[in-house]
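Accompanying notes for the structure given below.
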Amino acid sequence: MTNDAVWVRSVTGIQLHHTTDLQDASRFLGNAVMALRAAHVRTGDDRYVDLAAQLKTMVTETRTLETQARERMHGLHSADPDQFVRCREGEEPWPDEIQAGFVPRHTCKDQCLYHDHDVLDAIMQCICARPSCRACVIAGMP
């Protein structure tokens, strides 16, 4: 495994587990299989069928990896719900992901469901009095 920089899609409010990336990979590979099958139907070229079969094997392997990662994530939720919340909130990295170089998720621009979006049931989830996020503290910002 390399530690190359990767594009991580940003979702305000949570730090996604890598099961999301594996889910995307499965979906993209599945789309490629369908496109190759369509190309075969249009051309009759068996090379497309052969390549689609190879990709179908990769889809199966990727889904297996996704299932295993999801099981580890659910295991963390069962074993240590507090750590699960810290990971989901971006305060610390997921245990089965690269720990070195982790930077906490910026939470300063998170919006309060209760005050910013008028979700009355969210009064117990108000984040308005939250102190500066750890990422800003690390960066030396107030």
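As the structure is a computational prediction, the values presented were derived from the model and not from experiment.
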Under the salt bridge (charged side-chain N to carboxylate O under 4.0 Å, His left out) test, residues paired with Asp50 that sit two or more places apart
none
With a 4.5 Å limit on heavy-atom distance, are the side chains of Pro93 and Cys87 in contact?
no
Residues two or more places apart in sequence or in another chain: which of them pass side-chain hydrogen bond (donor to acceptor under 3.5 Å, both in side chains) with Arg47?
Asp45
Give a yes or no on whether the backbone of Glu97 and the side-chain of Gln99 come within a donor-acceptor separation of less than 3.5 Å.
yes
To the nearest 0.5 Å, how far apart are CG in Asp24 and NE2 in His18?
13.0 Å
Of all residues at least two apart in sequence or in a different chain, which pass the side-chain hydrogen bond (donor to acceptor under 3.5 Å, both in side chains) check with Gln83?
Glu92
Which residues end up grouped with Leu51 if you chain together Ile, Leu, Val, Met, Phe, Trp and Tyr wherever their side-chain heavy atoms are less than 4.5 Å apart?
Leu29, Val33, Leu36, Tyr48, Leu55, Met58, Val59
Run through the side-chain heavy atoms of Ile, Leu, Val, Met, Phe, Trp and Tyr, join any pair under 4.5 Å, and report what else lands in Phe102's cluster.
none
Mind checking what makes side-chain hydrogen bond (donor to acceptor under 3.5 Å, both in side chains) contact with Asp46, not counting sequence neighbours?
His40
If hydrophobic residues (ILVMFWY) are linked whenever their side-chain heavy atoms come closer than 4.5 Å, directly or via other members, who joins Leu22 in its cluster?
Leu65
Acceptor/donor pairs from residues 68-78 side chains to any protein atom, 3.5 angstrom cut, sequence neighbours excluded:
from	atom 1	to	atom 2	distance (Å)
Arg70	NH2	Glu66	OE2	2.6
Arg72	NE	Asp96	OD2	3.0
Ser78	OG	His74	O	3.2

So do Arg88 and Gln15 actually touch side chain to side chain, heavy atoms under 4.5 Å?
no
Qualifying residues under ring pair (Phe, Tyr, Trp, His ring centres under 6.0 Å), relative to His17, sequence neighbours excluded:
Trp94
Other ILVMFWY residues reachable from Val41 by side-chain steps of under 4.5 Å:
none
Would you say Arg37's side chain and Val49's backbone share a donor-acceptor pair under 3.5 angstrom?
no
